[in-house]
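Notes follow once the structure below has been shown.
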Amino acid sequence: MKYAVGVALAVLASLGCAQGPPRCSGMRVRRNAATLSAQEWGAIADVLRRMHDDGWTTRFGASHNRLFSRVHGNTCFFPFHRRYVLEFENIARQYDPNFVVPYWDATESFRAPASDPMLSPAALGTNGRGADNCLADGIQGNMQMSYPNQHCMRRIFNGGGGSINPWYAPEIISSYIQSDTSLAKFREDIEYSIHGAVHLGLGGEMNTGYAAHDFSFMVHHANLDRLWWEWQNAHGTFLMYDGTGSNGPASLSDAIPEDSAVPFGGSSVESVMVLGYGNVCYTYDSGPGAPNSYPSGGGGSGSSAASGSADVANRALESEGIQNSLSGDAISRFFPGLSGVSLRRRREAARPCTRSEPIPFPPTLTPEWISMHGYDPVRVVEAHRNACELVELLNNSTYVSPY
Ligand SMILES: *[C@@H]1O[C@H](CO)[C@@H](O)[C@H](O)[C@H]1NC(C)=O
Ligand SMILES: CC(=O)N[C@H]1CO[C@H](CO)[C@@H](O)[C@@H]1O
Ligand SMILES: [Cu+2]
């Protein structure tokens, strides 16, 4: 019986007739973490302490560690982490009904990540201290972990050395959003770039399978989730779920892998594809809101280039520069969303355009990180080479990055 219902739903979904989950009646808005006040960080710290005392830090860290190989290195990366951060938010809201996970746009400080205001004592805290690299300040300062053994919450910038390599420039992420026409490709580009760079840059707890101990994990993954949402909107591919899932060929009816320490109640991948529907009752302050009706289609392969709706509008400043500096061939390869688009400058995007330094090359993933995730090293190297080619192209041109 259950099987028959499942098949019927799958058939409906494949015909594009599914109504989808109902629209949320209440919607929360995830904000850019850089806009939070000291008081708001204080409220988050309070929730994290109380959740920690109740064992939630351990449950989130342990479940992420146990599910590790199923939810990284395949397309399930996005839906799993969307569901996982949502579950964290839902539980935190039992402690404080106003709690919403903010997102950390880690491209904002890509040139000098260690001086990002997020890594200050007022927010996520600075580098770890002492022989054990214990996090000693910030909202989780001096927290003691019990999984997989007793230790302090650790942070080790770059894995040692006290500084953090430059991260990925906003232009590179824009290029992924515009040029990737399959979710499988977008997943590779994001997971092998900014995802890994931030984990490895912070190091310590963040360089382990139980990285979710560190609240940096939640704000970082909320940001990756926001980028997925921008990508979904830019291409109209709300329901695209291609490539390999956690358990063979990716299918919207796949169950999201879960662990008894943090149960998801059997959520399907399909149930988390669209913000503002079903249980996914949040949007981002930067990006497109929830669509007015549940999108149909967009699940097929080979969608056309980005309409540019989301990202081009948000990043008008860089876009104008790129349009004027690169050849048509380079634009159609790296920034297809800009082809033939006339840009409207966002009023509040008036950043001073004074940078003259070239964009730094992005860091590579460590061999340990690659093998820990079971990534195909050839794909990782290819993705990095592509990003470097774009950086070189921009550096060689008359383009001046506003970031
Ligand atoms: C950038 O310029 C250098 C030196 O002229 C050249 O060797 C390289 O191929 C250029 N790179 C790209 C991506 O155009
Ligand atoms: C990272 C990188 O490619 N840097 C180069 C960018 O272009 C300037 C000017 O051509 C070079 O001096 C940098 O080395
Ligand atoms: Cu993860």
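In listed order, ligands and their atoms are each counted from 1. Every heavy atom of this structure was used, including side-chain atoms; hydrogens, water molecules and symmetry mates were not. Sequential numbering from 1 along the given sequence is applied to the chain's residues.
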query = Hey, do the aromatic rings of His52 and His213 have their centres closer than 6.0 Å?
reply = no
ask   = Which atoms from ligand 1 have a heavy atom of Asn396 less than 4.0 Å away?
value = 1 (C), 2 (O), 3 (C), 8 (C), 10 (C), 11 (N), 12 (C), 14 (O)
query = Quick one: are Tyr176 and Phe334 in side-chain contact, heavy atoms under 4.5 Å?
reply = no
query = Are there protein heavy-atom neighbours of atom 14 (O) of ligand 1 below 4.0 Å?
reply = yes
message = Counting only heavy atoms from other residues, nucleotides and ligands, does the tally under 6.0 Å from CG of Asp259 exceed 12?
response = yes
query = Within 4.0 Å of atom 8 (C) of ligand 1 (strictly less), any protein heavy atom?
reply = yes
note = The atom name of the N, O or S atom in His72 nearest to the Cu ion (ligand 3) is NE2
inquiry  = Closer than 4.0 Å to some heavy atom of Glu392 - which atoms of ligand 1 meet that?
reply    = 1 (C), 8 (C), 9 (O), 10 (C), 11 (N), 12 (C), 13 (C)
request  = Determine the interplanar angle of the Phe77 and His81 rings, folded into 0 to 90°, and report it as parallel if under 30°, tilted if 30 to 60°, perpendicular if over 60°.
outcome  = tilted
inquiry  = As an exercise, identify every atom of ligand 1 less than 4.0 angstrom from a heavy atom of Glu389.
reply    = 13 (C)
ask   = Taking both backbone and side chain into account, is any N, O or S atom of His221 nearer than 2.8 Å to the Cu ion (ligand 3)?
value = no
task = To 10°, measure the NE2(His81)-the Cu ion (ligand 3)-NE2(His64) angle for me.
result = 110°
ask   = Would you call Asp329 and Arg333 a salt bridge, using N to O less than 4.0 angstrom?
value = no
inquiry  = Can you classify the ring geometry of Trp369 versus His373 as parallel (below 30°), tilted (30 to 60°) or perpendicular (above 60°)?
reply    = tilted
